[in-house]
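Take a look at the following structure, please.
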Amino acid sequence: MRYVDEFRDPELGRVLATEILAAVEPGRHYKFMEVCGGHTHSIYKYGVDDLLPANVELVHGPGCPVCVIPMGRVDDGIAIAREPGVIFACFGDMMRVPGSSGSLLEAKAEGADIRMVYSPLDALRIAKHNPDREVVFFAIGFETTAPSTALTLKRAKAEGVPNFSCMCSHVTIVPPLRALLDSPDLRLDGFVGPGHVSTVVGARPFEFIPADYGKPIVVAGFEPLDILQAIRMILAQLADGRCEVENQYSRVVPYEGNRRALEVMAEVFELRPHFEWRGLGFISQSGLKLSEAYADLDAEVRFSVPGVRVADPKACQCGEVLKGVIKPWECKVFGTACTPERPIGTCMVSSEGACAAYYNFGRFAREREVV
Amino acid sequence: MNANACGDHCITCSDEGIPMQVERVDEARGLALCAAEDGSKSTVEIALVDVAPGDRVLVHAGVALAELTA
C-alpha cells in the first residue's frame, strides 16, 4: 500500500541502521524518548530496537492515552455507567482499565449498559436511536482524538440531541513533556516526537524542548523506517551541535498543524487547572473540560461523580514505566501477576502501552538474552 | 481478550491513524465514504480537511485529520 510499504523496506532499514551505527560516538550512551505509544508499539512489533547499536537506548514515554488515565477517573466513569437508564459509550481498550473496584467491562458483566464505539460519532448515533435513554461518551485521548470529540459535541448541539453528554478526560501532550523534562529522575538526549498529535497541533508547540531544555526533537511517523530515520536525524543534530525541532513526518504533519481542528477544540474545550495523570501525579493545565458554551453537554455536570482520588496498587510500577525510569520487564509484576488478559496497571491494558507491547512482541527476545 | 484485539489500528491510541481513500463526499452533511487498506468502508467526518473523491486521508476515531501528500 502506498505510504506504507515503502516505509517498511528491509533493505532501506539496513542502510539506515548502518548510518546510525556510523553516527554514534562509541564511548557515549544515548537515551532517546519516544513520546507516543504508537511508536512504542511499532518499535517492538518491528524489532526496531534490535537494529540499534547497544549504546542507543529507547525510553518509552507517556503518550498512551489509556495508560495515563488514573483509577479515580475509571471509578467516575463506572459510577455514571451504573446510573439507571444510562448507556455508557467508550473506546474498547478503556473498558479493561482497572478502577479501584473493577473495570467497565466487569460493570458491563454486572448489568450496566456499556458499549464499545470506534468514534464519538457512533455514541451520538446511539443517542439519536435511543431518545428515552441518557447516552454518555467517555472521551479520552490526546489532541488526535480531541477534535473528534469536539466535532461530535458541535453536532450534538446543532442537531439538538438532549440525551447526549460527554465525560471529558482529554489530555494535552506538552505539559507532561515539560513535567518529564523537569523531573530529576530522567536524563534524556533527545525525543522522537509524536506524529499524529502533531497533525493537529503542528510541530511548533515542541519548540520549547530545544529552546528551554537544550534537547533535539524529531517529529516522526510510525513505520519502522520513519522511526529509524528520526533516530538518525537526532544523532545528526547531536553530532553537529544543533538542537532544534525537525519534522521527519512531513508527508502528514504540517509545521503549523491543522488550524480548523485547533479552532474547533478552542471553541468546545477549556483547560482544567489541574489533571491527574497515572504515575505522573497532578500536572497543571494538562487536561481539557467542556467550555462554558458546552457545559450543558458535560456529563460531570449532568450526573454526580465520586471524583475521589485513588492511589495506584502498590505492586504496580506503571508510573516509573510511563516516566521511562524502568523498562516494562523490570516491574515486579510484569508478565506474572500483570498480563494483558488480567492487567493490574494501565500500561498492560492498551496495545500501545509499553508493557503490553513488550509482552506481545519483545519478551521472547528478552528471554533469549537472559538464557 | 487479547491486547491486540483491535489490531494495528487501535483507536484508543492518540497516534495510530488509518490511511483511507475518499470514495464519495456528502458535502451537505460534512461526511465522506472512505475505504481502508483492507477494503473495509466507513463514514468519515471531513469538516477538518478539504478533500475530493480519490484523495487519501489520515483518519482517527472517525475523523479525517490530515490529507496525505507525497
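Only a predicted model underlies this, so the values are computations on that prediction, with no experimental measurement involved. Per chain, numbering begins at 1; letters A, B, ... match sequence-line order.
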(request) Against chain A, label B:Leu58 side chain, backbone, both or neither, depending on which of its atoms sit under 4.5 Å from a heavy atom there. (result)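 Only the side chain of B:Leu58 comes within 4.5 Å of chain A.
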(request) Work out which heavy atom in A:Ser148 is nearest to a heavy atom in B:Ala61; give both atom names and the distance. (result)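 Distance-wise, the nearest heavy atoms are OG-O, 2.9 Å.
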(request) Heavy-atom distances under 4.5 Å only: say whether B:Asp38 touches chain A with side chain, backbone, both or neither. (result) neither
(request) Could you tell me which portion of A:Arg259 (side chain, backbone, both or neither) has an atom closer than 4.5 angstrom to a non-hydrogen atom of chain B? (result) neither
(message) For the NZ atom on B:Lys41, are there more than 12 heavy atoms of other groups (residues, nucleotides or ligands in this structure) within a distance under 6.0 Å?
(response) no
(request) Check the pair B:Leu68 / A:Arg251 against side chain to side chain contact (heavy atoms under 4.5 Å, CB included), numbers first and verdict last. (result) CA-CA 6 Å; B:Leu68 292 169; A:Arg251 67 185 187 279; 5.5 Å; no
(message) By the definition side-chain contact (heavy atoms from CB on, under 4.5 Å), identify the one residue from A:Thr149, A:Thr152, A:Leu151 that meets it with B:Val63.
(response)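 Result for side-chain contact (heavy atoms from CB on, under 4.5 Å) with B:Val63: A:Leu151.
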(request) Grab the two heavy atoms, one from A:Arg260 and one from B:Asp50, that are nearest each other, plus how far apart they are. (result) NH2-OD2, 2.6 Å
(message) Report which part of A:Val264 has an atom under 4.5 Å of a heavy atom belonging to chain B: side chain, backbone, both, or neither.
(response)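 The answer is the side chain of A:Val264.
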(request) Using the test ring-ring contact (aromatic ring centres under 6.0 Å, His included), find all partners of A:Phe164 that sit at least two apart in sequence or belong to another chain. (result) none
(request) Tell me the residues of residues 23-32 of chain B whose non-hydrogen atoms fall below 4.5 Å from those of chain A, in number order. (result)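 Near chain A, by residue number: B:Arg29, B:Gly30, B:Leu31.
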(message) Is it the case that the side chain of A:Asn258 and the backbone of B:Ala66 share a donor-acceptor pair, with hydrogens and angles ignored and the cut-off at 3.5 Å?
(response)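 Flag not set: sc A:Asn258 to bb B:Ala66 has no pair under 3.5 Å.
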(request) Please state whether the side chain, the backbone, both or neither of A:Val200 comes within less than 4.5 Å of a heavy atom of chain B. (result)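 Answer is side chain: those atoms of A:Val200 sit under 4.5 Å from chain B.
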